[in-house]
S.K.: 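Take this structure first; my questions come after.
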Amino acid sequence: MKILIGGAWPYANGSLHIGHLAGLLPADIIARYHRLKGDDVYFVSGSDCYGTPVAIRAKTENRTPEEISNGYHREFCDCFEKLGFSFDRYGKTTDETHISFVQDFHKKLYQSPYVTERTVPQAYCETCGTWLADRFVHGICPNCGNSARGDQCDACGRVLEPESLIDPVCSLCGNTPVFRESTHLFIEISKLEKELRDYINSHPKWRKNAIAFGNRYIDEGLRDRAITRDLSWGIDVPKTGYEDKKIYIWAENVLGYLSQSHAVCQERGTDFQKLWGTDAKHYYVHGKDNIPFHIIILPALLLANGSGYHLPDEIISSEYLTLEGNKISTSRNYAIWLKDIVDRYHPDSLRYYLTASGPEKRDADFSWEEFYHHHNGELLGAYGNFVNRNLSFVQKYFDGLIPDGTPDEYLTVRTEDIFASTGSRIEKGALKEALGEIFELVRYGNKYFDTNKPWKTRNNDILSCRNTIYNCIQLIANLAVLLSPILPFSSQTVCQWLDLKPHWERQTIKSGTQLPPTGILFERLDKKIIEEERSRLPAKE
């Protein structure tokens with residue numbers, strides 16, 4: 001089966017932090033699982049390089065927007081590689097492959113009955129000398145009276161227009177912007193209300209946040225949105241008369257899923273139309289704040305284009321991640337930056353913690369104390385210890401050869417069943433449940449080892465000893481495959497030790513298999529890292 005997995009495109013205006021990782025990690029887990037199943041996987045994402053924030057940062061630092069975005073793109077690629085992200089293609093919106101695809105998409109889009117031309121007020125800051133994106137206009141929400149951005153009020157959730165704000169100011173300099181008339185192309189999303197409502201209602205098993213967000217946006221009244229903008233940094237509008245304008249960033253960055261998967265199809269010589277047809281399955285993985293773009297904006301663009309593109313099937317939308325009890329704040333540097341920790345900790349440790357305790361279905365808090373306990377108590381203490389004591393036992397008492405043994409009937413059935421049950425959970429995005437079920441098996445393995453006491457039976461009942469170790473080795477082989485989507489580095493190590501070529505099915509290691517030299521999977525963390533890491537954070541407000 002063809003599987004498209006789209007990870008949200010991080011904005012190339014600043015470094016990635018632990019919250020970004022929490023929202024994006026499920027995409028790699030799902031991609032790795034589907035590859036083990038033998039599916040034809042297209043896991044794509046990229047760096048979002050255009051838009052006002054990049055241009056403003058470039059101006060502030062006396063650099064070009066290309067230099068800013070390319071620098072962060074390289075940083076992102078380095079972090080993702082060290083964290084084990086298995087992208088089939090990770091591009092950037094400034095790539096020619098993306099630009100050409102977007103322009104072709106827009107040319108057809110402009111011919112549809114859903115695109116119209118309008119003259120509207122647009123915010124311009126005379127002090128900064130730049131047109132302002134909606135979110136760079138701040139003021140008072142006319143609906144609830146709280147502080148709000150020009151695109152949305154976070155307090156009441158209402159979608160806004162910047163000119164509707166009370167006492168609007170430029171968020172960059174604090175001065176009052178002026179609103180100048182400008183002609184733009186709009187996509188009339190309001191005309192797609194029935195299609196979008198039917199689409200959302202056809203997915204009752206999405207996560208609650210996605211369904212709630214989608215219905216609320218429709219119930220409040222869908223807003224027609226400009227798809228062009230008065231900008232200097234962006235993709236040129238492929239339409240006569242719009243030479244001085246750019247495609248609005250939100251109307252091109254979500255098309256990156258198409259542009260990058262199109263490039264992968266070309267590389268593989270596979271059919272792009274089939275990938276975007278009815279026989280494929282599409283996952284979109286992102287944080288809570290990106291939900292509207294994936295269940296309203298992207299589907300609206302795909303529907304309006306009229307090419308019959310496949311709409312998103314699974315929306316894997318995480319909740320928010322806080323840090324040591326406080327909201328992550330990039331402006332205050334209150335964050336754990338990925339570039340700073342990818343070399344300090346085992347990547348599987350970070351992946352394990354954020355899967356076991358991340359914001360999958362509710363807000364979660366990243367705590368260094370909990371990270372320490374999860375690593376030492378579960379990853380090392382339960383799983384790593386089970387692997388180590390069995391493999392070292394084989395090395396020490398059986399000359400590195402897997403002993404003969406009789407398969408334990410209960411373990412055979414349980415490992416057969418767990419591939420089906422955890423696979424089903426992963427396909428639904430229930431990664432925390434999947435990991436929990438696998439670690440129940442880890443704990444059972446440790447209990448099995450302790451109950452059968454092979455360190456004693458090797459002296460008085462060698463047959464029992466051989467059976468115990470044989471079955472523990474089978475369990476380790478199966479655990480390595482079950483955990484490989486979540487813990488790819490340590491799983492690869494175990495698979496190499498056992499000479500496994502993993503597939504998502506029950507594994508069997510033959511008696512007499514020779515183990516190479518083995519070692520420990522995880523180092524124990526010193527408790528002092530808790531305060532060391534906390535001391536790197538600025539004081540809480």
Side-chain angles (χ1 to χ4, degrees), residues 36 84 345-349 351-352 374-412 414-415 418-419 438-503 505-526:
L36 287 170
Y345 298 100
H346 195 299
D348 281 353
S349 187
R351 291 173 67 110
Y352 176 83
H374 272 71
H375 176 91
N376 283 356
E378 298 169 25
L379 197 57
L380 180 149
Y383 176 54
N385 184 49
F386 179 66
V387 173
N388 180 61
R389 62 179 176 168
N390 277 282
L391 296 187
S392 61
F393 196 99
V394 172
Q395 298 281 23
K396 186 173 182 179
Y397 298 112
F398 295 111
D399 298 322
L401 296 173
I402 306 301
D404 294 326
T406 302
D408 182 280
E409 185 176 349
Y410 173 79
L411 277 176
T412 299
R414 186 164 179 180
T415 51
I418 198 172
F419 277 97
I438 297 168
F439 262 73
E440 285 180 10
L441 190 56
V442 171
R443 286 184 280 273
Y444 180 86
N446 279 302
K447 183 179 179 182
Y448 179 89
F449 184 92
D450 292 339
T451 300
N452 286 286
K453 300 180 174 59
W455 62 92
K456 286 187 177 181
T457 58
R458 77 178 184 84
N459 294 316
N460 55 30
D461 189 350
I462 191 62
L463 181 62
S464 173
C465 177
R466 289 178 180 275
N467 275 333
T468 300
I469 298 302
Y470 171 83
N471 281 289
C472 284
I473 295 299
Q474 306 309 312
L475 186 52
I476 289 170
N478 284 279
L479 288 171
V481 176
L482 288 163
L483 286 168
S484 60
I486 302 169
L487 311 177
F489 295 93
S490 55
S491 293
Q492 183 181 27
T493 297
V494 175
C495 287
Q496 288 174 343
W497 288 341
L498 299 179
D499 195 25
L500 271 177
K501 294 178 175 58
H503 299 282
E505 58 189 11
R506 191 173 69 84
Q507 307 293 309
T508 302
I509 302 298
K510 293 181 179 179
S511 300
T513 298
Q514 177 71 57
L515 288 180
T518 59
I520 61 172
L521 288 181
F522 305 102
E523 298 282 350
R524 181 171 297 276
L525 291 177
D526 193 307

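The structure displayed is predicted, hence computed values, not measured ones.
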S.K.: Has R351 got a side-chain atom pairing as donor or acceptor with L487's backbone, closer than 3.5 angstrom?
M.R.: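 Checked: no pair found.
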
S.K.: Might you work through the side chain to side chain contact (heavy atoms under 4.5 Å, CB included) test for F439 and Y352, ending with a clear yes or no?
M.R.: CA-CA 11 Å; F439 262 73; Y352 176 83; 3.5 Å; yes

S.K.: If you count every heavy atom of other residues, nucleotides or ligands that lies below 6.0 Å from Q492 atom CD, does the total exceed 12?
M.R.: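 Not buried by this count: 12 neighbours or fewer within 6.0 Å.
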
S.K.: Can you tell me how far apart CG (L482) and CD1 (I438) are? Round to the nearest 0.5 Å.
M.R.: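 Taking CG in L482 and CD1 in I438, the distance rounds to 5.0 Å.
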
S.K.: To check you understand the geometry: which heavy-atom pair defines the closest contact between A480 and V494, and what is its length?
M.R.: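 Between these two residues, the closest heavy atoms are CB-CG1, 3.7 Å.
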
S.K.: Please check if the side chain of S511 supplies one atom and the backbone of I402 the other of a donor-acceptor pair under 3.5 Å.
M.R.: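 The answer is no, because no donor-acceptor pair under 3.5 Å joins these two groups.
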
S.K.: How long is the gap from CD on Q514 to CD on Q395, to the nearest 0.5 Å?
M.R.: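 So the CD of Q514 and the CD of Q395 are separated by 7.5 Å.
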
S.K.: Show which side-chain atoms of residues 463-477 pair as donor or acceptor with protein atoms under 3.5 Å away, not counting sequence neighbours.
M.R.:
unit_1	atom_1	unit_2	atom_2	d
N467	OD1	T406	N	2.6
T468	OG1	S464	O	2.9
N471	OD1	D408	N	2.7
N471	ND2	T406	O	3.0
N471	ND2	N467	O	2.8
Q474	OE1	I509	N	2.7
Q474	NE2	Y470	O	3.4
Q474	NE2	I509	O	2.9

S.K.: Would F393 and R458 count as a side chain to side chain contact (heavy atoms under 4.5 Å, CB included) if you check the C-alpha gap in whole Å, the side-chain angles of each, and the deciding distance to 0.1 Å?
M.R.: CA-CA 10 Å; F393 196 99; R458 77 178 184 84; 4.0 Å; yes

S.K.: Among all residues two or more places apart in sequence or in another chain, which pass the ring-ring contact (aromatic ring centres under 6.0 Å, His included) test with F386?
M.R.: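 Testing F386 for ring-ring contact (aromatic ring centres under 6.0 Å, His included), a comparison that skips the adjacent residues, returns none.
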
S.K.: Which atoms form the tightest heavy-atom contact between P502 and V481, and what is the distance?
M.R.: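 That would be CB-CG2, 3.6 Å.
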
S.K.: Determine the minimum heavy-atom distance between G512 and L401, stating which atoms define it.
M.R.: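 The answer is O-CD2, 3.5 Å.
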
S.K.: Could you pull out the closest heavy-atom pair between Y383 and L379, with the gap in Å?
M.R.: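 Looking at all heavy atoms of both residues, the closest pair is CB-O, 3.5 Å.
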
S.K.: Kindly state each residue pair satisfying salt bridge (Lys or Arg N to Asp or Glu O under 4.0 Å) with at least one member in residues 388-404, sequence neighbours excluded.
M.R.: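 Every salt bridge (Lys or Arg N to Asp or Glu O under 4.0 Å) pair that includes a residue of residues 388-404, provided the two are not neighbours, is R389-D450.
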
S.K.: Does some side-chain heavy atom of S349 sit less than 4.5 Å from a side-chain heavy atom of F522?
M.R.: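 Of all side-chain heavy-atom pairs linking S349 with F522, none is under 4.5 Å.
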
S.K.: Can you list the steps and then say if T493 with L521 is a side chain to side chain contact (heavy atoms under 4.5 Å, CB included)?
M.R.: CA-CA 8 Å; T493 297; L521 288 181; 4.0 Å; yes

S.K.: Does I520 offer a backbone N or O that forms a donor-acceptor pair with the side chain of N388 under 3.5 Å?
M.R.: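 No, because the side chain of N388 does not come within donor-acceptor range (under 3.5 Å) of the backbone of I520.
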
S.K.: Could you list the residues that satisfy ring-ring contact (aromatic ring centres under 6.0 Å, His included) with Y444, not counting sequence neighbours?
M.R.: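 Expected list: Y410.
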
S.K.: Return the CD to CG distance between Q507 and L479, rounded to the nearest 0.5 Å.
M.R.: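 Q507 CD to L479 CG: 11.0 Å, rounded to 0.5 Å.
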
S.K.: Decide yes or no for R506 and N478: does some side-chain heavy atom of the first lie under 4.5 Å from some side-chain heavy atom of the second?
M.R.: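 Heavy-atom side-chain distance check passes, below 4.5 Å.
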
S.K.: For residues 516-526, pull every pair meeting salt bridge (Lys or Arg N to Asp or Glu O under 4.0 Å), keeping only residues two or more places apart or in separate chains.
M.R.: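 As it turns out, there is no salt bridge (Lys or Arg N to Asp or Glu O under 4.0 Å) pair with a partner in residues 516-526 once direct neighbours are skipped.
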
S.K.: Return the set of residues passing ring-ring contact (aromatic ring centres under 6.0 Å, His included) with F398 (not counting sequence neighbours), or none when no residue passes.
M.R.: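 Expected list: none.
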
S.K.: Tell me if a side-chain donor or acceptor on H503 pairs with a main-chain N or O of E505 at a distance below 3.5 Å.
M.R.: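 No.
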
S.K.: Nearest 0.5 Å, please: how far is CG in L441 from CD1 in I418?
M.R.: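 Those atoms lie 4.5 Å apart.
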
S.K.: For the residue pair S491 and L483, what are the closest heavy atoms and their distance?
M.R.: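 That would be OG-C, 3.5 Å.
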
S.K.: Can a donor-acceptor pair be found, under 3.5 Å and without considering hydrogens, that links the side chain of T513 to the backbone of K510?
M.R.: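 Confirmed, T513 side chain pairs with K510 backbone.
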
